[in-house]
Each structure stands twice: as C-alpha cells, then as structure tokens.
Amino acid sequence: MQSPGHKKSISGTLLKLLGSGPAPSGQPGRTVPTAGDGEIVQPAAGEGALENHLGGDEARNYRRYEYEMVAPHVGRSLLEVGSGLGHFSEQFVGRLDYLVVSDNDPYCVGELRKRYDGDDRVEVIDLELPAEIDIRRRVDTVVMMNVLEHIKDDVQALKDLAAVTEPGGRIVIWVPGYMQLYGDFDRKVGHVTRYTPQTLGRTVREAGLVPQVLKPINLLGGIAWWLAVRRGGAGYPDPRLVKIYDRTVIPVTRAIERVVRPPFGQTVFCVARVPR
C-alpha cells in the first residue's frame, strides 16, 4: 500500500504537469490571457494565448495522436470547424481536392486568409454555429476538434453541418469528456459541457446522424486531469509543463490504446454518418 506522502507526491507531479494551481500565499497566480476587458481570449488567438497547449507547438505528440485518430475518416473534401491558426487542417492539405477552414475569431480568420492566400483549393470562412453555412460546394467530411462543447444548441449545429455534407459523408467530433473533469479551466474557455459517449451519442442521433465510432479516449490524460483539476485545484494548464506531459504521457497513452479500449478518458471521439 502506498503511503499518503507517496500519493501526494504523485498527485503533485501530475498537477505540475497539467497546470497551475492556486498561488502560494503572498504570490500572484498565473492568469488566463484576456482581451483587455476581462473577456477570455479565443483559444487559438494570438501567439501568447491558449493555442500553445491546445494542439499547438507545445503539444506535438498530442497533435500526432489527434491526426492518427481522425485521418482514416477524412475523404477528399473537408470542412474544419474552429480551425484556429490552421495547425490541424494543414496536415491534410496535400490529400484534399477542396478544404474549407473556418473560425469565428477575427484574428484567426485573418491569419487563415494569409496562410491560404492564392490557393484556390482552400476556402476561408467566418463561422459561428449554429448558422446557415455558405460554401462553394458540399464536402464529404467535417471535422470539429474541441468545438461542439462551446455551443449551447449542439443539435442544431450538427444539423447545419449535415446540410453541407454529402449524403454518406462523415462528421468527426472530438470533445472533452465527462463532467467529473469539468473545472475552472472549462469555465474560463467557455465550455458549456463535457460529454460522455452516451450524451454525445444522443446529441448526434437527435441531429439525424448515425454514430459509427463513439468512444472515450486518452485514459491517462483523464486520470491526470481529474487529479490536477478536481483534486489539485489547477485552473489553467501551463504551456511549458504541457510540453513535458506531451513527451511522456501521450506516447504511453497511444501505446495502451492500440490494444485496450479505455472505459473512460479525457476526450470522447465520434465519427457520425450523414444518412444517404
């Protein structure tokens, strides 16, 4: 049996890896980037904002993990919802005939336009769901990476996406999992909810879609996040320490999940079909 001191040491290590906790007495805590009036900066906006630890340069193994999960389900035309600065979708450019990247943050939309200026295969749109989506033609794949949890009317958002997806096409959804993990960070970045396979499946079906893949992933990340956020009081991941987490925990997670289906995880992953 582990001693209380040993358990505290493990919890403390995970807390340090995942984020910043309450500041020691008399010391200022880390702050979340804001727009200057207290409003949280959109996660991908600006070089100094949250992009670094939500799939940016500080989390390269995690980005590879995302790509390997999503790539088998991507066809020849893709709409990415919430593209941020374009780090994720750029991995697919060489295999696509048509790419639509989108965001509702002016900074991100501007950067995407710069990135793809002169490339006729890429369309950049300003999109905030739910909304009627105006693009040149339907796509065979939609990808939403950590987007649906920000939308109150998630069912209508999926219906809007289905309307611009070819019959038989796919909507790939990657969302934070389990309300037991919901904490200060979720509130700060505007998460309406965290999903389970059951709640996400219900949302997908209410939108008229057919879930083909629906499962929790990133078991170790879920355990570590619970220790850090729910037990350790972390409110905001530290990008410098996320890089350490990315190099150590993510490779182990990927190896485990190649042979074991986790019962729980930090993320819920879904591939939903648009009926023919």
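Reckoned from all heavy atoms, side chains included, excluding hydrogens, waters and symmetry mates.
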For this session: Tell me, please, which residues at least two apart from Y98 pass side-chain hydrogen bond (donor to acceptor under 3.5 Å, both in side chains).
Result: E123

Exercise. Do L158 and I171 touch side chain to side chain, with heavy atoms closer than 4.5 Å?
Worked result: yes

Exercise. Taking atom CZ of R113 as the centre, does the number of heavy atoms from other residues, nucleotides or ligands within less than 6.0 Å exceed 12?
Worked result: yes

For this session: Give the cluster check for V192 versus W174: same hydrophobic cluster or not, with ILVMFWY residues linked at side-chain heavy-atom distances below 4.5 Å.
Result: no

Exercise. Got a donor-acceptor contact below 3.5 angstrom from the D246 side chain to the N61 backbone?
Worked result: yes

For this session: Find out if a path of hydrophobic residues (ILVMFWY) with successive side-chain heavy-atom gaps under 4.5 Å connects V155 to L148.
Result: no

For this session: Search all heavy atoms of P130 against all heavy atoms of I151 and return the closest pair with its distance.
Result: CD-CG2, 4.0 Å

For this session: Scan residues 150-166 for pairs that pass salt bridge (Lys or Arg N to Asp or Glu O under 4.0 Å), counting only residues two or more places apart or in two chains.
Result: none

Problem set entry | Closest non-hydrogen atom pair between C108 and G84, with its separation | CB-O, 3.3 Å

Show every donor-acceptor pair shorter than 3.5 Å between a side-chain atom in residues 69-81 and any protein atom, with sequence neighbours excluded, or say none if there are none.
residue : atom : partner : partner atom : Å
R76     : NE   : D97     : OD2          : 3.3
R76     : NH1  : R95     : O            : 2.8
R76     : NH2  : D97     : OD1          : 2.9
S77     : OG   : D140    : N            : 2.8
S77     : OG   : D140    : OD2          : 3.4
E80     : OE1  : S83     : OG           : 2.9
E80     : OE1  : S89     : OG           : 2.9

Problem set entry | Point-to-point distance, once rounded to the nearest 0.5 Å, from CG of D126 to CG of D134 | 12.0 Å

Exercise. What are the two closest heavy atoms between L181 and G222, and how far apart are they?
Worked result: CD2-O, 3.6 Å

Exercise. Step by step, would you call K188 with F185 a side chain to side chain contact (heavy atoms under 4.5 Å, CB included)?
Worked result: CA-CA 5 Å; K188 286 175 179 175; F185 174 78; 5.6 Å; no

For this session: Hey, could you give me the CG/OG1 distance between L96 and T141, rounded to the nearest 0.5 Å?
Result: 8.0 Å

Exercise. With side chains defined as the heavy atoms from C-beta onward, is the minimum distance between V172 and F269 less than 4.5 Å?
Worked result: yes

Exercise. Between D103 and L127, is any pair of side-chain heavy atoms under 4.5 Å apart?
Worked result: no

For this session: Under the side chain to side chain contact (heavy atoms under 4.5 Å, CB included) rule, what do Y65 and R60 come out as? Steps first, then yes or no, please.
Result: CA-CA 9 Å; Y65 178 44; R60 295 179 183 179; over 6 Å; no

Problem set entry | With R121 via salt bridge (Lys or Arg N to Asp or Glu O under 4.0 Å) - residues at least two apart | D119

Seminar exercise, completed: Residues at least two apart in sequence or cross-chain that pass salt bridge (Lys or Arg N to Asp or Glu O under 4.0 Å) with R115, listed by chain then number, are E90

Problem set entry | T193 versus M179, closest heavy-atom pair with distance | OG1-SD, 3.6 Å

Exercise. Can you name the side-chain hydrogen bond (donor to acceptor under 3.5 Å, both in side chains) partners of E68, sequence neighbours left out?
Worked result: R254

For this session: Determine which pairs satisfy salt bridge (Lys or Arg N to Asp or Glu O under 4.0 Å) with at least one residue from residues 218-227, sequence neighbours left out, and list them in order.
Result: none

For this session: Treating Ile, Leu, Val, Met, Phe, Trp and Tyr as nodes and any side-chain heavy-atom pair under 4.5 angstrom as an edge, say whether I256 and V249 lie in one connected cluster.
Result: yes

For this session: Determine, using ring centers only, whether Y182 and Y178 are less than 6.0 Å apart.
Result: no

Exercise. CZ/F92 to CG/L99 distance, rounded to the nearest 0.5 angstrom?
Worked result: 10.0 Å

For this session: Any ring-ring contact (aromatic ring centres under 6.0 Å, His included) involving residues 190-217? Give me the pairs, sequence neighbours left out, ordered by first then second residue.
Result: H150-H191

Problem set entry | Reported CE-to-OG distance for the pair M144 and S102, which is rounded to 0.5 angstrom | 8.5 Å

Exercise. Do D117 side-chain atoms and K114 backbone N/O form a donor-acceptor pair below 3.5 Å?
Worked result: no

Problem set entry | R194 side chain to G177 backbone, donor-acceptor under 3.5 Å | yes

Problem set entry | Q198: partners by side-chain hydrogen bond (donor to acceptor under 3.5 Å, both in side chains), with sequence neighbours left out | T196

For this session: Verify the neighbour count for atom CZ of R136: are there more than 12 heavy atoms of other residues, nucleotides or ligands below 6.0 Å?
Result: yes

Exercise. Mind checking whether I125 and I133 have side chains closer than 4.5 Å, heavy atoms only?
Worked result: yes

Please list every donor-acceptor pair under 3.5 Å in which a side-chain atom of residues 207-218 meets a protein atom from a residue at least two apart or in another chain.
residue : atom : partner : partner atom : Å
Q212    : OE1  : R273    : NE           : 2.8
N218    : OD1  : G221    : N            : 3.1
N218    : ND2  : Q266    : OE1          : 3.0

Exercise. Who are the side-chain hydrogen bond (donor to acceptor under 3.5 Å, both in side chains) partners of Y116, not counting sequence neighbours?
Worked result: none

For this session: Any chance you could measure E111, atom CD, to L85, atom CG, to the nearest 0.5 Å?
Result: 6.5 Å

For this session: Could you go through the salt bridge (charged side-chain N to carboxylate O under 4.0 Å, His left out) check for R63 and E66 one step at a time?
Result: CA-CA 5 Å; R63 265 200 291 165; E66 290 178 316; over 6 Å; no

